[in-house]
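These notes are about the structure you will find just below.
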There are 2 protein chains.
Amino acid sequence: MFTSSEENYLKAIFHLGITSNKGVSTNAIAKSLHTKASSVTDMIKKLADKKVLVYKKYQGVSLTSEGKKTAANIIRKHRLWEVFLVEKLNFNWDEVHDVAEQLEHIKSPKLINEIDALLGFPKYDPHGDPIPDKEGNLDQIEKSLLSTLAINEFGICVGVHDSSSTFLQFLDKQKIALGQEIIVVEKEDFDGSMVVEINKNKISISNKIANNLYIKKSQ
Amino acid sequence: MFTSSEENYLKAIFHLGITSNKGVSTNAIAKSLHTKASSVTDMIKKLADKKVLVYKKYQGVSLTSEGKKTAANIIRKHRLWEVFLVEKLNFNWDEVHDVAEQLEHIKSPKLINEIDALLGFPKYDPHGDPIPDKEGNLDQIEKSLLSTLAINEFGICVGVHDSSSTFLQFLDKQKIALGQEIIVVEKEDFDGSMVVEINKNKISISNKIANNLYIKKSQ
DNA sequence: AAATATTTTTAGTCTTGTCTAAATTTTAAT
DNA sequence: ATTAAAATTTAGACAAGACTAAAAATATTT
Ligand SMILES: [Mn+2]
Ligand SMILES: [Mn+2]
Ligand SMILES: [Mn+2]
Ligand SMILES: [Mn+2]
């Protein structure tokens with residue numbers, strides 16, 4: 001068994017390791033957990049003793065398969081709880097993160113399996129992120145940032161890169177939701193801004209927004 | 001805000017203080033929390049500093065109204081989660097306690113209010129214990145231990161005193177559930193055992209059982 | 001009332017998880 | 001190849017929450 005703190009470290013390392021194939025750096029973990037590098041070094045040693053990651057001084061860490069499985073399981077719980085909060089308890093997608101951050105540490109296999117069943121075994125969370133299965137496998141849908149689409153390209157909104165409540169509330173205000181079709185109408189080379197059509201409305205999108213919205217291209 | 005540990009102490013003191021009007025003793029708290037008296041003394045001082053209880057050395061403690069309100073709120077959460085687990089997630093009444101023990105510490109007013117609403121604002125938990133309202137008021141239904149009933153007295157099963165899973169599973173096996181009518185048919189002076197009629201069956205009940213099942217007498 | 005037993009508190013220690021400050025190693029720049 | 005900068009680790013400290021053993025206070029017997 002792992003403490004909540006250990007689980008948070010594993011989750012952070014999992015997320016950070018998913019992109020690069022090199023070791024995850026102490027500083028990156030510290031930044032992600034809003035803690036100090038020295039605290040990270042301490043915890044890393046403990047987790048290495050527990051065989052969930054491999055650590056070589058000054059070289060960063062990488063999760064063992066045991067560590068990956070444990071981390072994926074916490075992410076599974078986090079995302080299932082997020083779905084539950086939105087689907088069953090009238091939470092908005094910008095309100096779920098902090099509560100899920102607590103709920104993901106509840107220890108009860110039956111609980112999470114029943115939540116999964118109650119929700120009909122969802123595959124994605126409210127932010128479009130995939131929910132790992134019980135073995136920790138997590139399918140990666142191919143998706144592109146809106147900013148990478150060319151004029152006249154179109155697709156479906158399938159996720160957000162930034163899931164801060166300010167960004168999510170902004171999307172709500174603009175009536176942009178996951179599942180909607182979006183087409184690039186104009187694109188400004190100068191600042192990367194674009195005009196898109198969504199919901200039969202043409203709206204202007206800044207580069208920063210376009211860099212945080214994932215689209216599944218239609219062919 | 002209180003830590004989970006502080007919340008557990010407040011809850012234990014609330015339960016222990018409900019019967020007696022004297023201060024709750026250090027030893028009683030230690031026993032209830034499976035901890036040592038010295039640990040209790042430490043925590044008591046901290047809680048006294050936080051004004052949730054009054055403490056005079058060697059005299060035991062009693063909760064302030066602030067402390068009572070906080071404790072009642074944790075109990076409210078515990079019992080609402082228990083109802084949720086049974087009503088919505090197919091848990092048996094003997095499986096809910098440990099999970100509720102974790103869930104009661106989740107901090108989110110919206111979460112518990114939505115759970116309350118989803119369940120239709122229940123008044124009792126699966127063990128027949130009353131659920132405090134948001135202000136911490138907790139209505140005490142008048143109920144009697146089965147062991148106090150005389151021959152030919154009858155009533156409805158409304159709660160359990162012991163809610164250990166062994167006892168609850170025993171009741172399941174005997175097909176005794178809350179809400180059922182029960183009549184005392186025979187009573188043995190020697191060992192306090194009795195024969196009762198429930199579900200149109202006559203079954204023999206030991207004194208220990210009769211001392212742990214609450215009945216609401218029908219006049 | 002004195003002696004004994006029980007309860008409670010104090011003193012000192014331990015673990016977990018965090019921090020700051022200093023030392024060390026690695027990386028980047030001259 | 002040095003030197004400077006950045007990243008990382010070590011050393012030492014602290015708070016929370018628990019424990020053991022010993023001291024002090026209260027309660028119970030005789
Ligand atoms: Mn989240
Ligand atoms: Mn999410
Ligand atoms: Mn319970
Ligand atoms: Mn209960």
Side-chain angles (χ1 to χ4, degrees), chain A residues 1-14 16-17 19-63 67 70-71 74 101-102 104-107, chain B residues 1-13 16-17 19-63 67 70-71 74 101-102 104-105 107:
Chain A
M1 264 318 87
F2 297 93
T3 65
S4 292
S5 190
E6 289 171 335
E7 290 184 346
N8 285 335
Y9 274 87
L10 286 173
K11 194 167 55 126
I13 295 166
F14 184 94
L16 291 166
T19 40
S20 82
N21 38 5
K22 306 181 58 188
V24 177
S25 79
T26 303
N27 259 4
I29 299 168
K31 197 176 195 180
S32 148
L33 291 174
H34 305 104
T35 182
K36 295 299 154 76
S38 55
S39 308
V40 174
T41 304
D42 285 347
M43 181 59 92
I44 273 173
K45 288 173 180 169
K46 196 158 43 129
L47 292 173
D49 287 347
K50 290 196 176 183
K51 313 285 187 199
V52 285
L53 53 77
V54 294
Y55 164 55
K56 279 172 78 177
K57 269 192 193 178
Y58 296 99
Q59 303 309 127
V61 299
S62 55
L63 296 179
T70 306
I74 302 156
E101 209 58 45
Q102 299 177 64
E104 70 189 2
H105 301 295
I106 302 290
K107 266 91 179 163
Chain B
M1 264 320 87
F2 297 93
T3 64
S4 293
S5 190
E6 288 171 335
E7 289 184 347
N8 285 334
Y9 274 88
L10 287 173
K11 195 167 54 122
I13 295 165
L16 292 166
T19 39
S20 81
N21 38 6
K22 306 181 58 190
V24 177
S25 80
T26 304
N27 259 4
I29 299 167
K31 197 175 195 180
S32 149
L33 292 174
H34 305 104
T35 182
K36 296 297 154 78
S38 54
S39 308
V40 173
T41 305
D42 285 347
M43 181 59 91
I44 273 174
K45 288 174 180 167
K46 198 160 41 131
L47 292 173
D49 288 347
K50 291 196 175 184
K51 313 283 188 202
V52 284
L53 53 77
V54 292
Y55 165 54
K56 278 171 80 178
K57 270 191 193 177
Y58 297 98
Q59 302 311 128
V61 298
S62 55
L63 296 180
T70 306
I74 301 156
E101 210 57 45
Q102 299 177 63
E104 70 189 2
H105 301 294
K107 266 91 179 164

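Just so it is clear, the structure is predicted and the values come from calculations on it, not from any experiment.
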> When all nucleic acid strands are considered with a 4.0 Å heavy-atom cut-off, which category describes A:K31: base, sugar-phosphate, or nothing?
Replying inline: nothing

>> Regarding B:T26, tell me which of base, sugar-phosphate or nothing describes its non-hydrogen contacts under 4.0 Å with the strands shown.
In response: sugar-phosphate

> Where the side chain of A:S39 is concerned, which of C:dT18, D:dA18, C:dT10 is the nearest nucleotide?
Replying inline: C:dT18

>> Can you pull out the residues from residues 48-63 of chain B that lie within a 4.0 Å heavy-atom distance of DNA chain D?
In response: B:Y58

>> Tell me the interatomic distance from B:H34, atom NE2, to D:dA18, atom P, rounded to whole angstroms.
In response: 13 Å

>> Return the CD1 to CD1 distance between A:I13 and A:I44, rounded to the nearest 0.5 Å.
In response: 6.0 Å

> With sequence neighbours left out, what residues match A:T3 under side-chain contact (heavy atoms from CB on, under 4.5 Å)?
Replying inline: A:S5, A:E6

> Can you list the stems that include DNA chain C, where a stem is three or more consecutive Watson-Crick or G-U pairs with distances under 3.5 Å?
Replying inline: C:1-30 with D:1-30

>> For a quick test of reading the model: is some side-chain N or O of A:T41 closer than 4.0 Å to OP1 or OP2 of D:dT8?
In response: no

>> Between B:F2 and B:V52, is there a side-chain heavy-atom distance shorter than 4.5 Å?
In response: yes

>> What's the closest nucleotide to the side chain of B:M43 if the choices are D:dT9, C:dT8, D:dA18?
In response: D:dA18

>> Measuring to OP1 and OP2 of C:dT16, would you say a side-chain N or O of A:Y9 lies under 4.0 angstrom away?
In response: no

>> Tell me the interatomic distance from A:D42, atom CG, to C:dT20, atom C1', rounded to whole angstroms.
In response: 13 Å

